[in-house]
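The sequence lines fix the lettering, A, B, ..., with proteins before strands; numbering per chain opens at 1. Quick caveat, the model's predicted, so the values are computed rather than measured.
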Amino acid sequence: MTSTPAASAPLLSIRDLSTWFHTGGRSVARAVDGVSFDVMPHETVGLVGESGCGKSVTSLSILRLIERPGRIEPGSRIDFEGRDLLSLDDRAIRAIRGNRISMIFQEPMTSLNPVFTVGDQIAEVARVHSTASRREAWERAVDMLQQVGVPAPADRAREYPHQLSGGLRQRAMIAMALMMHPALLIADEPTTALDVTIQAQILELLAELQTRVGMSILLITHDLGVIAESATRVLVMYAGQIVEEAPVRTLFDAAHHPYTEGLLSAMPRLGDRRERLTVIPGTVPSPTQWPAGCRFHDRCAYAWDRCRTDAPPLYQIGAGHVSRCHLAAEPARRRAPAFAAAAPAS
Amino acid sequence: MHPLVWIAAAVLTTLACGAIARAGDGDSGSPWRIALTRLRDNHAAFAALCVIVALLIVAALAPWLAPYSPIAQPDIVRLKNLPPSLAHPFGTDFASRDVFSRALYGARVSLSVALLAIVVSASVGTAYGAIAGYVGGRIDTLMMRLIDAGLSVPRILLLIAVLALWAPVPLPVLVLLLGLTGWFGVSRVVRAQVLSLRERDMVVAARALGASDREILWRHILPNVLSPVIVSITLGIANVLIVEAGLSYLGVGVRPPSASWGNMILDGADEIASLWWISTFPGLAIVVTVMAFNLLGDGLRDALDPRQVDG
């Protein structure tokens, strides 16, 4: 396609993405089950949810990094810069990875190769994706380290991952990911393994690089604090589905889905004198047998008969705000305070 | 015998060991440099390494170091079975051959057979294990069952059978046979390592940045399985050395008149009580060499332990 995308055309568009794990026998783990969302150019989208809700599998699916027994099911569609990623052959998808779409991970120590210097590893990305000579690639690597705020980059480039602090390692990972100026950066829990002070620095760095490079960020985290600081739009995932999507302010001020409500009330707040944090009772159900009806009904304080039988669609709540909850149709059933009442039970 | 060559060999050994010791000095963060430093600081392993270096130099220079020819039989009546003396430091054997010279040439044969055999084992084992571990699935299962089958055949018996039927075997064939029956252990170690490495974030991260399977195998998997391979090679050398000595002792390995430490022991086996020197010196050589490789292997295992690198 030759048409230049209009400002309103999404950079990444995911429709009905289902990634299932066929683990033998008759059980199929439907880790991601019909997820659809868009990422616009220059935008930061937050994807939140508990462990096991499918957010990491979603991000790995975008880059087609799902390995057997996992499979992206037929009918899923992932369009990026006007191309259908799921129909690309191996070579073509490799040319996109690290080049147009990059990814950074939670644990920078284990994501780096212990036997090569960080400079070597950053330079390698340029050598995979361009015809840069060894020397040019090295110079670009040092330059990139400088851009991600690593002091004395020429010296640091010659060091090994184990010689760097956690924050510097994550900066090195970011340098690797941004070497080719990707249009989309997928950041999977980029700050979870770091100290709180370093977390803020890394988030700031990502925001700064985003404006400089002009990329979109898909920020995957379980930490709503991180979302509040960085994202413009938030997707809440539960049990393999998107359960709520809203602009970040709307989500914090007027969350609709009871699960989002629970996540927000489980967040510790400054000046809060409660001794125990509120919890959402129960755990994410097993992806091999999601509950019938609404997948959240057995943990939901508002659930009624309909929730146990009818799977809710995504209801439109407001501008850019959707929620997968029958309360949208029967708002009278909401009675406060739902989770405070559930808290004392252990 | 040339005293100057002996001096040269001694100087060479000292220089080589000194260089190894100094190489461990730098403060580079390279994992290999760190391992070398740890190895140097392990006195037993470092001493073993120096013994091995000395043995290798002696073996390489054997033709210039040996006072006599290893196969010459100068006077089979008057010079046979002489006890150790200044002229014959390790005595002479039943055919009036100088045991010291034969031990030097024997080092050549025994060490080169062991080293070459382990190169065969390590290459085959690493390739096989890496493929099984990286491909995984049914192919891996099949490949590992084949290894189990291979391991269930007693190696020595198999070798004796093949060698006895195929006598006399040329040395390259002996090397191949030793190498091709000794790679199962290496391939198991490599496969286990590859299995755990391919699940590492490092590999997922490399794939997410566009690396191909080949690049991942060469840059991320193989350099990281090198440590256990090096350790098992070192310990494997000691093992092959014993197997070769055993086969030669049984008369099916290295054939006389070529000297190997194993068949030299055989030469003196009948009269070990009275003519002790014929078997004892090659026996000691085997003991010292095997012990040196085992000590070095243990030292390398500690020095290369990846769990200590990120500390």
Are there residues of residues 93-102 of chain A whose heavy atoms fall under 4.5 Å of chain B's heavy atoms? If so, which?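 From residues 93-102 of chain A, the residues near chain B are R94(A), R97(A), G98(A), I101(A), S102(A).
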
Do [X] and [Y] sit within salt-bridge range, that is, some charged N less than 4.0 Å from a carboxylate O?
| X | Y | value |
| --- | --- | --- |
| R135(A) | E139(A) | yes |
| R134(A) | E124(A) | no |
| D143(A) | R140(A) | no |
| R301(B) | D298(B) | yes |
| D79(A) | R77(A) | yes |

Which of the residues H220(B), R200(B), R219(B), E215(B) is involved in the greatest number of heavy-atom pairs with chain A at under 4.5 angstrom?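 Of the options given, most contacts go to R219(B).
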
Does CD1 in I139(B) sit with more than 12 non-hydrogen atoms of other residues, nucleotides or ligands closer than 6.0 Å?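 Atom CD1 in I139(B) is not crowded, with 12 or fewer foreign heavy atoms closer than 6.0 Å.
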
Between E159(A), H129(A), M180(A), M103(A), the one whose heavy-atom pairs under 4.5 Å with chain B are most numerous: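 Of E159(A), H129(A), M180(A), M103(A), H129(A) has the most heavy-atom pairs under 4.5 Å with chain B.
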
Which of I186(A), L65(A), L60(A), L63(A) touches chain B most, by non-hydrogen pairs under 4.5 Å: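 Result: the option with the highest number of such pairs is L65(A).
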
Short side-chain to backbone donor-acceptor contact, [X] and [Y], under 3.5 Å:
| X | Y | result |
| --- | --- | --- |
| Q121(A) | N113(A) | yes |
| Q106(A) | P190(A) | no |
| K55(A) | G49(A) | yes |
| Y128(B) | M143(B) | yes |
| S133(A) | E136(A) | yes |
| T14(B) | A10(B) | yes |
| E43(A) | S216(A) | no |

Hey, which residues of residues 205-212 of chain B are touching chain A, say heavy atoms under 4.5 Å apart?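 Residues in range: A205(B), R207(B), A208(B), L209(B), G210(B), A211(B), S212(B).
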
With a 4.5 angstrom heavy-atom cut-off, could you sort out which part of [X] is near chain B: side chain, backbone, both or neither?
| X | value |
| --- | --- |
| V125(A) | side chain |
| R91(A) | neither |
| D120(A) | both |

Relative to chain A, which segment of V204(B) carries a heavy atom at a distance below 4.5 Å: side chain, backbone, both, or neither?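 Backbone plus side chain of V204(B), per the 4.5 Å heavy-atom cut-off to chain A.
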
